[in-house]
Amino acid sequence: MLDLDLVRKNPELFQTACKNKNIKLDVAAFLKLDEERRALMFENQTMQAERNAVSKKMPTIKDKAEKEKVITDMKALAEKLKTEEMKLAALDKEWMAMQLQLPSVPLASVPVGKDDTENVELRTHGTIPTFAFEPKDHVELGTALDIIDIPRGVKIAGSRSYFLKGDGARLELAVLLFTVDSLVKKGFTLFTPPLMANYAAMMGTSYFPGGEESAYAVGVDREPEVGLGEKEAKQIESDKHYLVGTSEVAVASYHSGETFKASELPKRYAGLSNCFRREAGTYGKDMHGLYRIHQFQKVEQVILCENDPEVSAKLHAEILQNAEDVLQALGLPYRVVAVCTGDMGRGQVYKNDIETWMPSRKGYGETHSCSTFYEFQARRLGIKYEDPSTGSGQAPTKKFVHTLNNTCIASPRILIPILEIHQNQDGSVTIPEVLRPYMGGQSVISPRA
RNA sequence: GGAGAGGUGGCCGAGUGGUCGAUGGCGACAGUCUUGAAAACUGUUAACCCCUUACGGGGUUCGAGGGUUCGAAUCCCUCCCUCUCCGCCA
């Protein structure tokens, strides 16, 4: 939820943000509803005030006849209040649904565009490799090396599933651990968070409403046991949890409802987790290999900081650099793009993607996503801090923190460029030097004899 | 899975139908005293929302949601969560 006062005073600002972010919302219609709601609230509160006043007097009324009359009157009032409250509840529901659609306003520097084709390249790093031989793609390489097994993954878990095997699984762990260590050295606190989250966390991080189709829901009726019939498992509404698509959901929610002292900020957090994505609506897209799959592992950076655009901008640059440091250490060429309005989320005010060169795609593929939210998530999550700049004497003003997050590494997608770029003519893959300590000193993955 | 206990303000903990947003304690903040500190004493200490330019007024919140009632922290129902013991288990 946004600062509604801001929306009320600058409707056109938010209408433009809706347009640029491809969000279908009539801000004027929302504000009209907002006004109706407030008017009805005022009416109801006036009735409630009367009821309360009379209730307070009630014990002092001794006269029987008078008491009878008051009770009769109050009965009528209670009746009326009840119907009005039902009206308000209906209005509230509609209001909340619209309110959650409201986007944050992108910074002025964000390019306006309709989708990822209109993202703007900011800079590139590294040299795009050329091969003296016909390079293989990661699936060919991985299959020949017996480190990736997609057909059997599909056999067990359906399309977009895979096994990493042997040195492939070890390579993944090595990349993750190397990344974790690099962040820990920079002062980040590592988390292994819950992989299941409730609605509040999904909503608080602004994945819901809107992203329900992308998340797996768990909390199923156990009755239709396997083998007893193909009756569809029913989801128990009250017991429902969602498999997280990123540890950001849990890590950013970690402090929900809490208030920091300013001296405790910023928080530099890193989450290591499996990530689950239904990839609904991507049928037929990126079907080859390990690019777009349902389950992966990711090291995510999450920052909570003061409500100051300069501070969060600085931290945005910092976590972007952290990811770049990892890519550079792995010897992977990449580029950084400014994500345009149409390709950014509802809550984000600024976003960069890092795209890593993938020979088999003959282009850059998205591997990282670095977002600044300002207070959008913090408002939903209720994360505040005491602003020290409050004049001395009285209670400090509480402000919402700014939140940011960025991928530091996501696997197996990152294995695509690692395998493809570091492949050798004989089908072996040279392990990047920084990963070797995590693989017992091994320097190359070779075909088995 | 079986049995039991419990969820009240920043924390602890009273409160079982009515002037209760809630006694008391702790903590925090401010002041008095003190060279300073401690102690002692005094005072102030919730969040969110609505009306109002403001002063101020009002509403909601005692795990959540429903119900009974003129009136609910208190009675009834459902759910969620926490804790203890037993069982099972990585």
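Residue numbers begin at 1 in each chain, while the letters A, B, ... track the order of the sequences.
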(Q) Tell me the closest heavy-atom pair linking A:Cys370 and A:Leu320, and the distance in Å. (A) CB-CD1, 4.0 Å
Q) Starting at CZ of A:Phe400 and ending at P of B:A47, how long is that distance when rounded to a whole Å? A) 12 Å
Q) Would you say the ring centroid of A:Phe208 lies under 6.0 angstrom from that of A:Tyr242? A) yes
**Q.** Euclidean distance, atom NZ of residue A:Lys82 to atom C1' of B:G66 [Å, nearest integer]
**A.** 10 Å
Q) Within the pair A:Arg51 and B:G58, is there a side-chain N or O less than 4.0 Å away from OP1 or OP2? A) no
Q) A:Glu84 CD to B:G59 C1': how many Å, rounded? A) 16 Å
Q.
Measuring from the side chain of A:Asn52 (C-beta onward, heavy atoms only), which nucleotide among B:A47, B:C51, B:G59 has the closest atom?
A. B:G59
Q) Nearest of B:U19, B:C51, B:G71 to any side-chain atom of A:Lys56? A) B:U19
Q: Report the distance from atom CE of A:Met196 to atom P of B:C81, rounded to the nearest whole Å.
A: 11 Å
**Q.** Rounded interatomic separation in angstrom, taking CG from A:Leu4 and P from B:C50
**A.** 8 Å
Q: Assess the side chains of A:Lys298 and A:Thr246: does a donor N or O sit below 3.5 Å from an acceptor N or O?
A: yes
(Q) Rounding to an integer number of angstrom, what distance separates B:G43 and B:U52 when you compare their P atoms? (A) 37 Å
Q: Quick one: look up who B:U78 pairs with, Watson-Crick or G-U, both distances under 3.5 Å, and put none if it's unpaired.
A: B:A64
Q) Just how far, in rounded Å, is C1' of B:U52 from CG of A:Asp5? A) 14 Å
Q) Considering Watson-Crick and G-U wobble pairs with both distances under 3.5 Å, what does B:C55 pair with? A) none
Q.
When the P atoms of B:U69 and B:C88 are compared, how many Å lie between them, rounded to an integer?
A. 50 Å
Q | Residue matched to B:U19 through Watson-Crick or wobble contacts both under 3.5 angstrom | A | none
Q: Give the rounded distance in Å between these two atoms: CD of A:Glu36 and P of B:C51.
A: 14 Å
Q: Please name the pair of heavy atoms, one in A:Lys285 and one in A:Arg160, separated by the smallest distance, quoted to 0.1 Å.
A: O-NH2, 3.0 Å
Q. Checking A:Asp286 side chain against A:Tyr291 main chain: does a donor-acceptor pair fall under 3.5 Å?
A. no
Q | Under-4.0 Å salt bridge between A:Arg268 and A:Glu318 | A | yes
Q) Rounded to the nearest Å, what distance is computed from the CG atom of residue A:Asn44 to the C1' atom of nucleotide B:C51? A) 14 Å
Q | Residue pair A:His241 / A:Asn198, side-chain donor-acceptor N/O under 3.5 Å | A | no
Q | Distance-only polar pair, side chains of A:Gln48 and A:Asn52, donor-acceptor under 3.5 Å | A | no
Q) Using atom C1' of each nucleotide, how far apart are B:U60 and B:G4 to the nearest Å? A) 35 Å
Q: Could you please name the partner base of B:C88, counting Watson-Crick and G-U wobble pairs only when both distances are under 3.5 Å?
A: none
Q.
Rounding to an integer number of angstrom, what distance separates B:G27 and B:U34 when you compare their P atoms?
A. 24 Å
**Q.** B:G21 and B:U32, which share atom name C1', separated by this distance in whole Å
**A.** 31 Å
Q: Determine the Euclidean distance between corresponding P atoms of B:G6 and B:A14; express it in Å to zero decimal places.
A: 12 Å
**Q.** Nearest-neighbour nucleotide for the A:Gln45 side chain, B:G71, B:C50, B:G67 considered
**A.** B:C50
Q: Tell me what A:Met41 touches on the nucleic acid: a base, only sugar-phosphate, or nothing, going by heavy atoms under 4.0 Å.
A: sugar-phosphate
**Q.** Base-pairing mate for B:A14 - Watson-Crick or G-U, with both contacts under 3.5 Å
**A.** none
Q | Enclosure of A:Glu68 CD (heavy-atom neighbours >12, cutoff 6.0 Å) | A | no
Q: Can you figure out which of B:C48, B:U60, B:G18 approaches the side chain of A:Gln48 most closely?
A: B:U60
Q: Could you please name the partner base of B:A37, counting Watson-Crick and G-U wobble pairs only when both distances are under 3.5 Å?
A: none
Q: With a 4.0 Å heavy-atom cut-off, tell me which residues in residues 68-76 of chain A come close to RNA chain B, sorted by residue number.
A: A:Ile71, A:Met74, A:Lys75
Q: Taking atom P in both B:G31 and B:G25, compute the distance separating them and give it to the nearest angstrom.
A: 22 Å
Q: In whole angstrom, give me the gap between the P atoms of B:G17 and B:C81.
A: 31 Å
Q. Side-chain donor-acceptor pair under 3.5 Å between A:Ser247 and A:Glu300, yes or no?
A. no
Q | Side-chain N,O (A:Lys384) to OP1/OP2 (B:C48) below 4.0 Å | A | yes
Q. Using purine N1 to pyrimidine N3 plus N6-O4 or O6-N4 for Watson-Crick, or N1-O2 and O6-N3 for G-U wobble, both under 3.5 Å, which nucleotide pairs with B:G43?
A. B:C29
Q) Of all the nucleotides listed (B:U19, B:G58, B:A47), which has the minimum atom distance to the side chain of A:Thr60? A) B:U19
**Q.** Residue whose nearest RNA chain B nucleotide is more 5′ - A:Ala53 or A:Arg38
**A.** A:Arg38
